[in-house]
Amino acid sequence: MIRVRFAPSPTGFLHVGGARTALFNFFCARHNDGKFILRIEDTDVERSTKESEEQLMNALMWLGITWDEGPDVGGPFGPYRQSERQDKYQKAVQKLLENGNAYEVFAHPEEIEEIKSRLLSEGKPPHYEKEMFSEFDNKERREEFQSKGISPVVFFKMPRRDYSIVDIVKGEVTFKKGALGDFVIMRSSGLPIYNFAVVVDDIDMEITQVIRGDDHLSNTLKQLVIYEALGVNPPTFAHISMILGPDGKKLSKRHGATSVEEFKEKGYIPEAFTNYLSLLGWSHPDGKEIMDINEIIKMFTIERLHSSPAIFDEDKARWMNGVYIRELSLERITELSKPFIVKSGLLKEQEIESNEKWLIKAVDSVRKNAETLEDIAQKLTIYFDEPDYEKVTIEEDNEKRVSGALAVMRSNLDHVDSWNQSSIISAVKEAIKTKEPSKKDFYHNLRKVLTGKEEGPELIDIIYLLGRNEVIRRIDKVVNPV
RNA sequence: GCUCCCAUCGUCUAGCGGUCUAGGACACUGGCCUUUCAAGCCGGCGGCAGGGGUUCAAAUCCCCUUGGGAGCGCCA
């Protein structure tokens, strides 16, 4: 049984890179009928917050991810929060201490810091060795620590030999001896360090495959030696490359949106965003790009993950979002648009309810050229705000055929029996036939008179949705009645 | 500085020694359709980082160079 996990630290929003890692783990689990575990890595008490944990889970759910085991749903290998697994780390440290793979150091943080800077200033790599701490290994120190109630920091004794793994995406990776010195696994606060906690948990939770960002590739060495010291075979690793900004640098705040929460707020649709993210470093064997989550799961294999970093291309993400806006059911798109409509102040929540039918049609009229839900709200403003008529002038020939046709249309519309698309079409066509303006000019100017814009929904839809009174009112602002 | 990773159109990618005068998608661009703009459809532009090998044959394998990225914390 395949068991994979996503193990974020609750220190902020869910970064798109993390989201993609979560997604790939999730796809892998579902494709193989395995289990997907959510584990919260909150050993950094300074930065971890309960709020971000919740936020993280919400973002994950928004993406369409579900987990089989986790802090909220529980499971047979809990608890799923590292802060609650203290006893397990303690036990593992004890074991390492006993079998000589780790040692305690009775030094204060500043003293260790000092050793590090001395090494650096001597031009040596900052690699610790047990002998460097010998001056602190005495009775007085032990007593001092005991009386003050502080624990010694625990270092792992790095074996001096080569290690290698066969990474599913990177291939064989060899870490030469001397790449690393001894490293801390337990802080003096008694809390474990990331690389140690991860291994203990992954063993405990019977994780079979680790899929994570390749910023962890170097960490793998630390984890490998811990597996070895604990006498456990490591899982298989798959290190996917990072997501970069448009300038090829690690995606960060200065590139704009970096968290899934931000993309949600910008009006991305979860299905589309998930779809786009899944295509960063993975591809369907036939090159298919628009896929729902089930289809991705069906086709997903970690062997198809590819190894070079990917630049996040918001143009393409927007395009894909637009595809979903056009293709998802109108009801769902309307539903998703509502918060954006309220936010932009077009309608209040109660007004949305009483205008539901009209709203659905209005959303339908603008969705064709919207790329985000924000676009939809923005494009909907033509139905609420009238154009700035100071700036609207009719461009036409000397014979004024356009304004003539507009006037005729206005009067036709005024007399239409029932207000529907086909009667509106007849009224418009009739007007064109009567005054014979160039169609292009006519429609262009009609749009400007009604909306003040150069582009937008189908004109017939605009007329229909604006309603007779409003259409006539707007025309009258510019054109004299017949 | 040391260690590791990466390298196909501007971007995401297909490609796993011959089927590649390198395929698809976004962007850009030309046209068609249409009651305007858009959407849609059809076409165009554009790439194997450079240099050495290996081989009858290399985008594909190896080495070097260059360029990018990551890690080296009592952060994760």
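Below, chain A is the first sequence line, B the second, and so on; all start at residue 1.
- By the 30° and 60° cut-offs, the orientation of the rings of Phe263(A) relative to Phe312(A) is tilted.
- Comparing Ala179(A) and Lys116(A) by the nucleotide of RNA chain B that holds the closest heavy atom to each, the one mapping nearer the 5' end is Ala179(A).
- Checking rU13(B), rA76(B), rG24(B) against the side-chain heavy atoms of Asn219(A) singles out rA76(B) as nearest.
- Closest contact between the side chain of Asp315(A) and the listed nucleotides rC5(B), rA27(B), rA76(B) involves rA27(B).
- In this structure, Ser241(A) does not reach the rC6(B) phosphate: none of its side-chain N or O atoms is under 4.0 Å from OP1 or OP2.
- No donor-acceptor contact under 3.5 Å links the side chain of Asp286(A) to the base of rA14(B).
- Nearest nucleotide to the Lys176(A) side chain, out of rU35(B), rA39(B), rC4(B): rC4(B).
- With rounding to whole Å, Asp313(A) atom CG is found 8 Å from rC12(B) atom P.
- When the C1' atom is used for both rU8(B) and rG24(B), the distance is 13 Å, rounded to whole Å.
- Contact between the side-chain N/O atoms of Arg187(A) and the OP1/OP2 oxygens of rC75(B) is found at a separation under 4.0 Å.
- In this structure, Thr174(A) reaches the sugar-phosphate backbone alone: every heavy-atom distance under 4.0 Å involves primed, P, OP1 or OP2 atoms, never a base.
- Side-chain proximity of Arg47(A) to the nucleotides rC75(B), rU36(B), rC37(B) is greatest for rC75(B).
- When distances are taken from the side chain of Lys440(A) to each of rA76(B), rU36(B), rG24(B), the shortest belongs to rU36(B).
- Pair assignment for rC4(B): rG69(B), on the basis of Watson-Crick or G-U wobble contacts that are both within less than 3.5 Å.
- A donor-acceptor pair under 3.5 Å is absent between the side-chain atoms of Glu271(A) and the main chain of Tyr324(A), judged by distance alone.
- Comparing atom distances between the Asn195(A) side chain and each of rA76(B), rG40(B), rU36(B) picks out rA76(B) as nearest.
- Of the candidates Lys477(A), Lys453(A), Arg474(A), Lys477(A) is the only one forming a salt bridge (Lys or Arg N to Asp or Glu O under 4.0 Å) with Glu386(A).
- Using cut-offs of 30° and 60° on the angle between ring planes, the pair Tyr103(A) and Phe133(A) is tilted.
- When the C1' atom is used for both rU13(B) and rA27(B), the distance is 15 Å, rounded to whole Å.
- Rounded to whole Å, atom C1' of rC75(B) lies 12 Å from atom CD of Gln82(A).
- Distance from the side chain of Lys222(A) is smallest for rC72(B) among the nucleotides rC72(B), rC75(B), rC26(B).
- Here the nucleotide nearest the side chain of Glu455(A), chosen from rC74(B), rC37(B), rC26(B), is rC37(B).
- With distances taken from any side-chain atom of Ser307(A) to the nucleotides rA76(B), rC74(B), rA7(B), the minimum falls on rA7(B).
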- Task: Report the C-alpha distance between Phe24(A) and Phe300(A) in whole Å, list the side-chain angles of each, state the deciding distance to 0.1 Å, and finish with yes or no for ring pair (Phe, Tyr, Trp, His ring centres under 6.0 Å).
- Result: CA-CA 8 Å; Phe24(A) 286 167; Phe300(A) 185 86; 5.5 Å; yes
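- In the interface, the side chain of Lys316(A) is paired with the base of rA25(B) through a donor and an acceptor atom under 3.5 Å apart.
- A salt bridge does not link Glu41(A) with Arg81(A): none of the charged nitrogens is closer than 4.0 Å to a carboxylate oxygen.
- A sub-4.0 Å separation between OP1 or OP2 of rA14(B) and a side-chain N or O of His306(A) is present.
- Whole-Å rounding puts the Arg212(A) CZ to rC5(B) P distance at 15 Å.
- Between Thr43(A) and the phosphate of rA76(B), there is a side-chain N or O to OP1/OP2 separation shorter than 4.0 Å.
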Find every protein N or O atom lying less than 3.5 Å from an N or O atom of nucleotides 63-70 of chain B, and list the pairs.
unit_1: rG69(B); atom_1: OP1; unit_2: Lys249(A); atom_2: NZ; d: 2.5

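- Pair check for rC32(B) finds rG40(B); Watson-Crick or G-U wobble, both atom distances under 3.5 Å.
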Side chains of residues 188-200 of chain A: which donor-acceptor partners sit under 3.5 Å, not counting sequence neighbours?
unit_1: Ser189(A); atom_1: OG; unit_2: Leu191(A); atom_2: N; d: 3.4
unit_1: Tyr194(A); atom_1: OH; unit_2: His216(A); atom_2: ND1; d: 3.1
unit_1: Asn195(A); atom_1: OD1; unit_2: Gln223(A); atom_2: NE2; d: 2.9
unit_1: Asn195(A); atom_1: ND2; unit_2: Asn219(A); atom_2: OD1; d: 3.4

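- Comparing atom distances between the Pro126(A) side chain and each of rG73(B), rC12(B), rA76(B) picks out rG73(B) as nearest.
- Side-chain polar atoms of Tyr276(A) and Asn321(A) form no donor-acceptor pair below 3.5 angstrom.
- The shortest distance between the side-chain N/O atoms of Arg304(A) and the OP1/OP2 oxygens of rC16(B) is not below 4.0 Å.
- Each of Glu303(A) and Leu280(A) was assigned the nucleotide of RNA chain B with the nearest heavy atom; the assignment lying further toward the 5' end belongs to Leu280(A).
- Using a 4.0 Å cut-off between charged side-chain N and carboxylate O, Asp201(A) and Arg5(A) make no salt bridge.
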